[in-house]
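Okay, structure first, notes after.
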4 protein chains.
Amino acid sequence: MTVTKRTKHDVVWEFRCNEILTAARKLFAKKGFAEATMEEIAAATGLAKGTLYLYFKSKRDVYLKTLQHGTAELLELAAGNVQQAIGIRAKVRALVETRVKYADENRDFFKIYLTEFGGGTHPAAGSKEFRDLPLKQAAVIENLLRGGAESGELGPLDFEAAAFTIQDMVRSLITRRLLGWSKNERNHDVDFLCGFICGAIGC
Amino acid sequence: MTVTKRTKHDVVWEFRCNEILTAARKLFAKKGFAEATMEEIAAATGLAKGTLYLYFKSKRDVYLKTLQHGTAELLELAAGNVQQAIGIRAKVRALVETRVKYADENRDFFKIYLTEFGGGTHPAAGSKEFRDLPLKQAAVIENLLRGGAESGELGPLDFEAAAFTIQDMVRSLITRRLLGWSKNERNHDVDFLCGFICGAIGC
Amino acid sequence: MTVTKRTKHDVVWEFRCNEILTAARKLFAKKGFAEATMEEIAAATGLAKGTLYLYFKSKRDVYLKTLQHGTAELLELAAGNVQQAIGIRAKVRALVETRVKYADENRDFFKIYLTEFGGGTHPAAGSKEFRDLPLKQAAVIENLLRGGAESGELGPLDFEAAAFTIQDMVRSLITRRLLGWSKNERNHDVDFLCGFICGAIGC
Amino acid sequence: MTVTKRTKHDVVWEFRCNEILTAARKLFAKKGFAEATMEEIAAATGLAKGTLYLYFKSKRDVYLKTLQHGTAELLELAAGNVQQAIGIRAKVRALVETRVKYADENRDFFKIYLTEFGGGTHPAAGSKEFRDLPLKQAAVIENLLRGGAESGELGPLDFEAAAFTIQDMVRSLITRRLLGWSKNERNHDVDFLCGFICGAIGC
DNA sequence: CATGAATGAGCGTTCATTCAT
DNA sequence: TATGAATGAACGCTCATTCAT
């Protein structure tokens with residue numbers, strides 16, 4: 001019985017959190033961290049301002065959680081798809097496609113993501129959790145490349161540098177699509193980028 | 001005589017502006033636009049808060065001017081160096097090196113620059129002057145590539161997409177260096193990236 | 001039930017507004033618009049500065065609302081009393097007495113009122129709502145006089161000019177009383193002025 | 001020689017003061033005391049901000065002096081013209097005409113004057129010099145009336161109250177003219193008012 | 001005398017956060 | 001649990017006044 005109650009409670013809790021995070025995501029994407037107010041988030045959620053503090057301990061917390069879900073999901077998704085793909089080319093494609101697709105489908109999240117991890121100063125700076133996120137993501141790519149080298153598909157390479165560079169090539173594409181600078185079908189853009197990358201790393 | 005007086009005044013004026021901008025740059029780089037206060041900028045400059053408003057009409061104005069000088073200089077520098085270089089390889093290298101060197105030497109400026117042009121929401125958003133800056137910079141690269149194609153050094157290519165991608169590959173390198181993720185000599189990093197790029201575009 | 005809840009909220013809201021307006025009125029009367037600060041108003045109300053902005057959207061708004069209630073009430077009061085009185089003499093007396101009594105009983109309001117409508121520059125200048133108030137009030141008098149003329153109680157007259165003049169005669173009396181220059185009973189002063197006016201317009 | 005130098009100096013000094021006061025008058029009339037800035041006054045005068053403080057010890061001082069000249073001149077003018085006129089009617093007319101004419105010719109001054117002496121709160125409040133000005137002016141009228149009573153031209157009357165009232169009747173006319181509510185020739189308006197006053201006091 | 005750069009106290013306003021209900 | 005009124009610290013900006021030149 002306790003379990004049932006707990007569960008019901010949890011479901012509601014999670015539902016509320018998601019409501020808030022979705023509204024927050026939209027706002028943070030549109031106005032940035034500093035310009036978005038708790039008032040607005042509350043209004044967008046249909047909740048009272050005070051209620052937000054039952055689910056999140058501060059504005060910053062909302063912001064961080066706003067990033068958290070997406071980053072985790074994206075990381076996991078990419079890792080999974082890469083693993084399933086066979087051969088370095090396919091793996092690269094899986095990675096690129098996963099990220100671009102995710103960005104297409106989660107535009108609000110990605111705008112925040114880009115603000116955060118553009119290389120400049122950011123509100124989440126100092127949050128242990130996020131400081132090393134780009135490193136983690138690059139590591140996925142780096143491993144992929146090392147695997148290719150071991151299997152002889154790739155020649156010698158500065159894997160770390162290459163990984164970062166590829167990561168930002170993907171970011172470049174996503175940005176262009178997000179800002180509406182690219183009007184192509186996703187597949188077309190992904191194909192182009194994969195060709196570009198394969199040229200660079202020689203696969 | 002009028003000239004002398006005018007000049008003296010102008011020299012002081014420019015000196016003050018630079019004092020303020022340098023302090024502001026440091027602060028904006030460290031804390032971002034929203035978190036940096038005029039009070040702090042004033043304190044860092046050794047001036048009183050009100051004095052800032054003799055030279056800049058608002059906090060936003062300080063911020064924008066903080067970007068302005070660097071972006072103009074960088075654009076000009078890159079264009080010049082690229083033009084002087086002969087052959088597509090040399091031109092690419094000139095571009096990459098110019099930007100990386102400038103970033104190394106103007107770290108504060110570049111942190112702000114990356115915050116602004118990371119693809120997400122940004123404080124200067126809406127400032128007509130800066131909205132299209134990335135486009136302008138990509139155009140420099142695009143022209144470079146088209147030139148290479150005309151001279152037969154490069155094969156067929158989506159020049160626009162390639163330009164954006166290269167731009168972000170450079171950005172990738174700069175970010176890594178700025179955040180201390182790369183401990184290499186500048187030349188080494190530049191060499192790597194140029195090789196990478198040339199692999200990608202086939203030169 | 002909804003009604004009850006709504007009412008409770010409204011009662012508190014109105015109570016707060018009145019608290020604030022009363023304190024503000026006292027301060028504006030004493031120091032004028034420019035010299036009175038929101039801090040002081042808050043302190044006088046026993047509220048925090050920020051709280052004022054829950055009920056009024058700006059200092060100017062407080063000031064305008066400070067005028068609003070009194071002006072509306074006075075206009076209405078005067079119109080009512082004038083209408084009830086029969087004969088031009090009685091009507092004039094009703095008008096004079098109503099205004100003088102109101103001023104006696106709302107000294108703070110009237111000091112602000114006089115500041116606003118003294119003929120010089122004023123803080124509310126530009127507020128559409130108040131620009132023509134003196135005109136409206138004079139119109140009440142003008143109608144009264146025209147009525148008197150139609151009924152044959154009054155001879156020919158420049159009604160508009162007379163209305164304005166009478167209005168300022170009343171103002172004159174009110175000012176003297178407000179500043180303590182007249183120590184007479186209200187009735188005595190009112191009698192005097194009515195005699196004076198009747199002499200002037202010949203009734 | 002000392003005298004000559006002194007005099008020359010004084011002439012310049014007075015000239016500067018007048019320049020400043022004229023500009024200030026215009027500004028105070030237009031924007032009121034609080035909204036007008038020393039910067040603007042300086043700009044309007046063609047002098048530097050600091051220079052104003054050589055001639056006036058504070059903004060308030062400028063404001064007070066701005067009132068001073070006009071009030072003194074007006075008082076003197078009115079007293080002179082009244083004295084020259086013979087008979088109560090003529091004296092009243094002299095008074096009314098003098099004031100209305102002065103207002104027509106010194107609109108800026110009079111807007112400030114009305115702001116100050118409208119009965120409400122004002123910036124000059126607390127300045128010993130001006131507190132009793134309306135009293136002094138009313139005294140001129142009161143004496144005029146007493147003279148009329150002594151000579152048998154006027155019946156018994158509350159001279160003080162009548163004086164104040166007449167003063168504000170004149171003010172009423174001036175205000176209407178200043179605000180453009182009256183389009184009549186000055187003489188016409190003056191005639192009307194004199195008739196009105198004479199009706200009231202019975203002359 | 002004249003200047004105008006510099007000052008810094010002070011104000012209106014905002015908004016994340018708290019807490020009594 | 002949910003509310004939303006209340007808070008008050010903090011910030012951007014203004015402007016009367018001073019003073020070194």
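The structure displayed is predicted, hence computed values, not measured ones. The analysis underlying the following values was restricted to heavy atoms, covering all of them including side chains, and did not include hydrogens, waters or symmetry mates.
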(request) Could you tell me which nucleotide pairs with E/dC15 by Watson-Crick or G-U wobble geometry, both distances under 3.5 Å, or answer none if nothing does? (result) F/dG8
(message) Quick check: do D/I20 and D/C17 have side-chain heavy atoms less than 4.5 Å from each other?
(response) no
(message) Can you measure C/H9 atom NE2 to F/dT3 atom P for me and round it to whole angstrom units?
(response) 14 Å
(message) Do A/I41 and A/F28 make a side-chain contact, defined as non-hydrogen atoms from C-beta onward lying under 4.5 Å apart?
(response) yes
(message) Is it the case that atom CD in C/E73 sees more than 12 heavy atoms from other parts of the structure closer than 6.0 Å?
(response) yes
(request) Measure the distance from CD on D/E39 to P on F/dA16 and round it to the nearest whole Å. (result) 9 Å
(request) Give me the one residue out of C/L64, C/L133, C/L67 that meets side chain to side chain contact (heavy atoms under 4.5 Å, CB included) with C/S127. (result) C/L64
(request) Strictly below 4.0 Å, heavy-atom distances to any atom of DNA chain E: list the hits from residues 51-66 of chain B, or just say none. (result) B/T51, B/L54, B/Y55
(request) Would you mind reading off the distance between B/E40 atom CD and F/dA10 atom P, rounded to a whole angstrom? (result) 12 Å
(request) Would you kindly compare D/A48 and C/K49 by the position of their nearest DNA chain E nucleotide and give the one closer to the 5′ end? (result) D/A48
(request) Could you tell me the separation between the CE atom of C/M38 and the C1' atom of F/dA9, rounded to a whole number of Å? (result) 17 Å
(request) Using a cut-off of 6.0 Å, state whether more than 12 heavy atoms not belonging to A/K59 lie near its atom NZ. (result) yes
(request) Could you check A/K49, A/K30, A/K31 and say which one makes a side-chain hydrogen bond (donor to acceptor under 3.5 Å, both in side chains) with A/E40? (result) A/K31
(message) Using 30° and 60° as the class boundaries, would you call the ring planes of C/F33 and C/Y63 parallel, tilted or perpendicular?
(response) perpendicular
(request) State the pairing partner of E/dT21; accept Watson-Crick or G-U wobble contacts with both distances under 3.5 Å, and report none otherwise. (result) F/dA2
(message) Under 4.0 Å, heavy atoms only, any strand: does D/W13 hit a base, just the sugar-phosphate, or nothing?
(response) sugar-phosphate
(request) Using whole Å, report how far CZ of C/R16 lies from P of F/dG4. (result) 16 Å
(request) Return yes when atom CD of D/E35 has more than 12 non-hydrogen atoms of other residues, nucleotides or ligands closer than 6.0 Å, and no otherwise. (result) no
(message) Please identify the 5'-most and 3'-most nucleotides of DNA chain E with any atom under 4.0 angstrom from a heavy atom of chain D.
(response) E/dC1 to E/dA6
